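First the proteins, then the strands, lettered A, B, ... as listed; each starts at 1. Note that the structure is predicted; figures quoted are calculated from it, not measured.
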Amino acid sequence: MSDSETGFGKGCHLHLIDGSAYIFRAYHALPPLARKSDGLPVGAVAGFCNMLWRYLGENGASADAPTHAAVIFDYSSKTFRNEIYDLYKANRPEPPEDLRPQFPLTRDASRAFNLATIEIEDFEADDIIATLARQAREAGGRVTIISSDKDLMQLVGGGVEMLEPMKNKLIGVEEVREKFGVGPERVADVQALAGDSVDNVPGAPGIGIKTAALLINEYGDLETLLARAEEIKQPKRRAALIDNADLIRISKRLVLLDDKTPLDFALDDLEVRAPDAQALLGFLNDMEFRTLTRRVAEHFGTEPPALPQSTATGQTETAEAKAPDHPDFDKADYICIRDLGTLKTWISEIEEIGYVAVDTETTSLDEMRAELVGISLCLTAGRAAYIPLQHRAGGGDLFGSTELVAGQLALDDVLALLKPVLEDQAILKIGQNMKYDAKIFANLGISVSPIDDTMLMSYALHGGLHGHGMDALSDRYLNHQPIPIKTLLGGGKSAITFDRVGIDDATRYAAEDADITLRLWELFKPRLHGAQVSRVYETLERPLVPVLAQMERTGIKVDRDILSRMSNAFAQKMAGLEAEIHELAGERFNVGSPKQLGEILFDKMSLQGGKKGKTGAYATGADVLEDLAAEGHDLPARVLDWRQLSKLKSTYTDALQDHIHPETGRVHTSYVITGAVTGRLASTDPNLQNIPIRSEEGRRIRTAFVAEKGHKLVALDYSQIELRILAHIADIDSLKAAFREGQDIHAMTASEMFGVPLAEMTPEIRRQAKAINFGVIYGISGFGLARNLRIPRSDAQAFIDTYFERFPGIRAYMDGTVEFAKREGRVETLFGRRVHTPEINTKGPGAGFAKRAAINAPIQGTAADIIRRAMIRLPEVIADLPAKMLLQVHDELVFEVAEDAVEEVTEKVRAVMEAASEPVLRLDVPLVVDAGVGDTWAEAH
DNA sequence: CTCGTCACG
DNA sequence: GACGTACGTGACGAGT
């Protein structure tokens, strides 16, 4: 330990930059970029250089500037940890091909910036960082580790802190505690227990960070815990620790950073040096980074060197222009409006500007039950206001006070002033998930229009890349973490509603939401055009908001008595089955527990079946039980019956009753526009898109969905829409002709493939062809088809080969789509909706998923776009008819129609649906819509 | 709070 | 050459 004999000491500040993490960040954050002159991939290098330049800019002037700094890299993926555990990081994908040649270039870049550049064979960057941090700490200096790697959190404390580079967030002991539930010195213990699937650290099965922290806090440290594992009360936990003690100890050695890495230099060698203009400019110029070269040249007051050739423009610009925004939220100017004068001033300003960001605070996420508590507005970034309206005193008497807090404007007065603004066609109302706010205002007789929605803008721009909730968007695009609602409302049983939140807290929270919304809007709005998704946003996303809001508020009538009677019947049958099952098993157990069932079947009765998956539990899915039942075992057959009833009862007949609105007597689902990456909607609370129909027993549940007296339910659905779209996209003449002639498409496929004339078609052959047709839409694989049809894999593969031979255009479509996705990172529907496929160029099973998803997305997505177009047109078409649109189930729309108008409505809706792709898109195949009418949904289908 | 299971298109 | 796979969802109970 002679390394403290250097000049580094008290007053010194060492920055340690995790170079490898920077590279991966840069690589994934930026579009692929190649050097113009020779095509060398340099996107990650460009991003890396930009980061370093920004880093130097931010730190050079700061009072807390580092005196010493180094960039540390991983030497290779193999380290001493592989000696301890050969599977360490074994499932880490290989770096992408176009990244590999950039690794040495990033070292060159780091040196060009005159930063000490360190990598050591056999040791991870983390170990080197740990060693340097220890040395600096022992010498009395301070250390800042610039990285987001959670492993490094072990090092925090005693003058060492971390800086999360993207969010610019400091991580100290408190933040580590927040993340791991223990202090930095025990982080490795928690990691050893919890394991890490990314690095393939085994840990203890069934124990995550939460449980691990709990145990470590109770027993002090890992060794004590392992020594006293017998004392643990929970049998599963106890067993997990005792059985895996060795693995846990190995895990600890894997996660524990080695702060004794042999180094052949001293801290003093890391002293910060100004970059050498010549060297840096030379390197940047070599890389042909035009913008950065110019910027750096300006900084040094020299001329940028001449480029190797004059054409080096284009892509480099776009890549380098993507510096994240850094709005300063600290300066935010938020007010609370408590008098009408101030409100009027704000309103005149809104009228002048012509737009405003709006957000409502309410007592519930369910718009049908929510009460308005307050409204926030934002005019310009940083300037926002909150209008408290219905805050109530918290605590108080046992029954919950209903007293309004003083100092709030009267709801009616405020709405009277705001209604003209919210309904003014010349004022754009901007929201995040506007459907919610629009429904709240609709409850109060206000029809908000026109609107913009930042959530939908993000969906159009970034579908497939990430979620579109406000927290995620703010974090990602504004580098700002909004106040979590949990800090105001608490969690779990003791959670309060927003009306019980203090007005000061509410103002900070609500005004911030409107502020963030406005900032996101300013950022996204101009990007829509550049990304060529303006039309998608304007014609497929935004106009859907009022349509869905109306459908959701209308709801569908559900007959409680029918459900209740079915629930009782199911309960009786289940009890009978349960008794039989216990009898067959020879003991009582919870039939609903896959774990207990697995043990009964495979341990006690020793039937054939294997362990599965990460948790080590037996698989007891329907396919497994069906196989066992087919072998003549009664118990699994009974369990299958029991499960069906259990599902129907708990998910449908019981749960649906709770969703019947007390006042309307109807069920009001909520559609999530951004719910599926393909453009499909998702339905929640309750999900009305998965009401049973395939089994006779389940189908009866649809008899509880009824029409109002004097009305009928009319259901219209697209016939084979996805196969028709496939025929069009892949341009398959024979399929297109079959659809034009109205043939049975599965029979026709079977006939083509197996050479059976249509007249001699058997149901079995047709069934197989049908499975293949579906498989094609899903991105077929021999394995998948074999499993679906329960035939040998070789047979399935032979089917697929025959299919592709007969329909070569389909294979061409698939290959072309995957090719496009690999090149562009996304696929598109026929209407231009973009679905990103970030995983497609990775190695490992993820790429397989991404490939099939890429094949499926244009088909499923185009179908979704078409029904969206129909839904958007329909309100106007049925406006003067006694008909309401109630539900959408992907390819089906359900209406409630006065009896005497059924025929007219059906034909008008059918016409709109069948022509929904036009005039933008003229399909080579007809779209056919089937219709059904009845008193209940079961009859209408 | 995650997993297995199963309902739909 | 092995691996692990049909696409897209949401809700429930069990178990921790």
> Given that both distances must come in under 3.5 Å, which nucleotide forms a Watson-Crick or G-U wobble pair with B:dG9?
Replying inline: C:dC7
> So which nucleotide does C:dC12 pair with, by the Watson-Crick or G-U wobble rule with both distances under 3.5 Å?
Replying inline: B:dG4
Between [atom2] on [N] and [atom1] on [X], what's the gap in Å once rounded to a whole number?
X	N	atom1	atom2	result
A:Q860	C:dG8	CD	P	7 Å
A:L656	B:dC8	CG	C1'	13 Å
A:Q596	C:dG13	CD	P	16 Å
A:E839	C:dC7	CD	C1'	16 Å
A:E626	B:dT5	CD	P	13 Å
A:L688	B:dA7	CG	C1'	12 Å
A:I867	C:dT9	CD1	P	17 Å
A:K647	B:dG4	NZ	P	15 Å

Please check the phosphate of [N] (OP1 and OP2 only) for any side-chain N or O of [X] closer than 4.0 Å.
X	N	answer
A:K236	C:dT16	yes
A:R787	C:dG4	no
A:T678	C:dT9	no
A:N690	B:dG9	no
A:S593	C:dG13	no
A:Q234	C:dG15	no
A:R852	C:dC7	yes

> Can you tell me how far P in C:dG4 sits from the matching atom in B:dG4, rounded to whole Å?
Replying inline: 15 Å
>> Distance check, P atoms only: C:dT5 and B:dT5, in whole angstrom units.
In response: 14 Å
> Would a line drawn from the ring center of A:Y803 to the ring center of A:F799 be shorter than 6.0 Å?
Replying inline: no
[X] vs [Y] side-chain heavy atoms within contact, under 4.5 Å:
X	Y	value
A:E697	A:L645	yes
A:L726	A:V776	yes
A:N687	A:T669	no

>> If we check side chain to side chain donor-acceptor pair (under 3.5 Å) with A:Q689, which of these qualifies: A:R680, A:E892, A:Q888?
In response: A:Q888
>> Ring-plane angle category for A:H462 and A:H468, please: parallel below 30°, perpendicular beyond 60°, tilted otherwise.
In response: parallel
> So among A:D623, A:D627, A:D795, which one has a salt bridge (Lys or Arg N to Asp or Glu O under 4.0 Å) with A:R790?
Replying inline: A:D627
> Between the side chains of A:H746 and A:N773, is a donor N or O closer than 3.5 angstrom to an acceptor N or O?
Replying inline: yes
> In residues 888-895 of chain A, which ones come under 4.0 Å of DNA chain B, going by heavy atoms?
Replying inline: A:V889, A:H890, A:D891
